[in-house]
Amino acid sequence: MASYETQTVERTDAIRADAFDMRHTFESGQPLTFHADYSEDGFSRNLAYSTGIGRISVSSSGNILHISHSGRYSRATARVEVIKRMGLNDDMERIYEGMNTDPFMDSAIRNFKGMRITENDSWETTMCFILSQFNNIKRIRLITRRMIERFGQPYSDGGTIISMFPSAEAVAGASIGDINACGTGFRGKYLKSAAKVCSENLDLKKLYGMDYASAKEALMELDGVGDKVADCILLFGYHKTEAFPIDTWIKRIIETVYFKGRNKSIKELHKFAERRWQPELLGYVQQYLFWNGRSLKVGT
DNA sequence: ACCCAGGCGGGCG
DNA sequence: CGCCCGCATGGG
């Protein structure tokens with residue numbers, strides 16, 4: 001116990017991060033916000049990991065990203081983890097250059113400069129986006145918090161008990177009544193089914209080594225995971241930036257901006273995006289289209 | 001009160 | 001294939 005306590009000492013680090021806007025990144029509806037222990041102090045977040053390894057908090061000022069970590073994270077590991085999770089390995093100059101095909105994309109880049117695609121735990125992302133269908137972002141967060149409180153394993157962060165993100169095993173073992181009590185609605189049965197598969201038959205970690213198309217096919221075997229949700233999981237859980245999730249917003253925005261408001265099928269929209277932008281940029285294109293279009297209420 | 005939300009599964013022609 | 005429908009719940 002004594003040695004455990006000494007390992008919970010807070011350590012700090014800082015890295016330079018150009019073209020990184022923490023507010024845009026954290027508020028862009030990606031799952032890391034759903035379980036973050038959230039404090040509005042300048043701008044900082046605690047990332048409570050489902051691994052139980054420890055906690056990493058990040059805050060930003062200018063182009064400096066401050067890291068503070070405890071538990072069994074070494075300084076080097078924490079640093080690598082933050083860089084990976086914040087998408088800091090992505091070359092934004094090159095990405096912006098490829099994305100910027102027209103005035104709307106140009107304004108999206110100007111309005112949301114520094115917004116990164118984050119990389120989140122695969123099960124956590126899967127669960128969050130199963131909950132996302134026919135739902136809104138605020139309520140997805142509400143449900144997720146309740147799931148964390150009810151099913152998350154406790155973790156002691158230097159004496160402060162936090163609840164980790166519930167594992168697939170924990171959700172699979174929960175009764176449908178307890179799951180529904182979190183406000184999941186009709187998605188509860190999908191979630192339980194998917195959790196069971198993910199804890200018994202499908203190793204989500206295996207998808208990291210698979211190409212985009214194969215990984216998508218595997219994910220779509222899960223209950224409650226269709227074309228759009230699979231693309232979200234691949235983008236935000238696996239950082240497969242070929243994924244181009246098309247939701248009601250993206251559909252409306254592309255139809256309005258690029259097709260004079262004419263109705264297009266999801267398939268046609270995928271085809272349009274694939275012809276217009278390089279494959280590895282599609283995830284970023286989608287994220288910028290979505291947030292710029294939403295903030296400008298395009299098509300509404 | 002009423003409307004809608006980062007879709008999906010199931011059933012139909 | 002494409003199309004249509006129902007769906008639980010909480011916030012505006």
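Just so we're on the same page: letters track the sequence lines, and every chain starts at 1. Quick note: numbers below take in every heavy atom, side chains included, and nothing from hydrogens, waters or symmetry partners.
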Sub-3.5 Å donor-acceptor pair from the side chain of A:K192 to the main-chain atoms of A:A174, do we have one?
yes
List in numerical order all residues of residues 225-241 of chain A for which some heavy atom is under 4.0 Å away from an atom belonging to DNA chain B.
A:V225, A:G226, A:D227, A:K228, A:V229
I want to check something: taking the side chain as every heavy atom from C-beta on, are A:L204 and A:I233 in contact at a cut-off of under 4.5 Å?
no
If stacking means aromatic ring centre less than 5.5 angstrom from the base's six-membered ring centre, planes under 30°, is A:F134 stacked on B:dC8?
no
Quick one: does A:Q286's side chain get under 4.5 Å of A:L235's, heavy atoms only?
yes
Is the closest side-chain donor-acceptor distance between A:H270 and A:D227 under 3.5 Å?
yes
Which value, in whole Å, describes the distance between the P atoms of nucleotides C:dC4 and B:dG6?
23 Å
Check the distance between B:dG6's P and A:R141's CZ and give it to me in whole angstrom.
11 Å
Between A:V171 and A:M127, is there a side-chain heavy-atom distance shorter than 4.5 Å?
yes
Side-chain heavy atoms of A:D121 within contact of A:K205, under 4.5 Å
yes
Atom CZ of A:F129 to atom P of B:dG7: distance rounded to whole Å?
10 Å
Check: protein-nucleotides 10-12 of chain C nitrogen or oxygen pairs below 3.5 Å:
none

Could you tell me how far apart A:L289 (CG) and B:dG6 (P) are, to the nearest whole angstrom?
16 Å
If only side-chain N and O atoms of A:T248 are considered, is one of them under 4.0 Å from the OP1 or OP2 phosphate oxygen of B:dG7?
yes
Using atom P of each nucleotide, how far apart are C:dA8 and B:dG11 to the nearest Å?
15 Å
With A:K267 via salt bridge (Lys or Arg N to Asp or Glu O under 4.0 Å) - residues at least two apart:
none
Which residues in residues 269-281 of chain A have a heavy atom closer than 4.0 Å to any atom of DNA chain B?
none
To the nearest Å, give me how far apart CG (A:D247) and P (B:dC4) are.
17 Å
In whole angstrom, give me the gap between the C1' atoms of B:dG10 and C:dT9.
22 Å
Give a yes or no on whether the backbone of A:S28 and the side-chain of A:W291 come within a donor-acceptor separation of less than 3.5 Å.
yes
Close side-chain approach of A:R75 to A:R11, heavy-atom, < 4.5 Å
no
Is there a donor-acceptor pair under 3.5 Å between the side chain of A:W277 and the backbone N or O of A:L282?
no
Could you tell me the separation between the NZ atom of A:K251 and the P atom of B:dG7, rounded to a whole number of Å?
12 Å
Check A:R116 against A:D90 and note the closest heavy-atom contact, atom names and distance.
NH1-O, 3.0 Å
Side chains of A:K228 and A:S132: does their closest heavy-atom pair fall under 4.5 Å?
yes
Evaluate the ring planes of A:Y73 and A:H69, with Trp represented by its six-membered ring, and classify them as parallel (under 30°), tilted (30 to 60°) or perpendicular (over 60°).
perpendicular
Give me the atom names and distance for the closest heavy-atom approach of A:E255 to A:K251.
OE2-NZ, 2.6 Å
To the nearest angstrom, the CD1-P distance between A:I266 and C:dC1 comes to 15 Å
Rounded distance in Å - CD1 (A:I140) to C1' (B:dA5)
8 Å
Measure centre to centre between the rings of A:F290 and A:F112, then say whether the value is under 6.0 Å.
no
Close approaches to DNA chain C from residues 184-204 of chain A, in residue order (heavy atom, under 4.0 Å)
A:G185, A:F186, A:R187, A:K189
Taking Watson-Crick and G-U wobble pairs with both distances under 3.5 Å, convert DNA chain B into its dot-bracket string, 5' to 3', dots for unpaired and | for cross-strand pairs.
.||||.|||||||
Beyond-backbone contact of A:L289 with A:F244, side-chain heavy atoms, under 4.5 angstrom:
yes
Residue pair A:I95 / A:T241, side-chain heavy-atom distance below 4.5 Å:
no
Can you measure A:L219 atom CG to B:dC8 atom C1' for me and round it to whole angstrom units?
15 Å
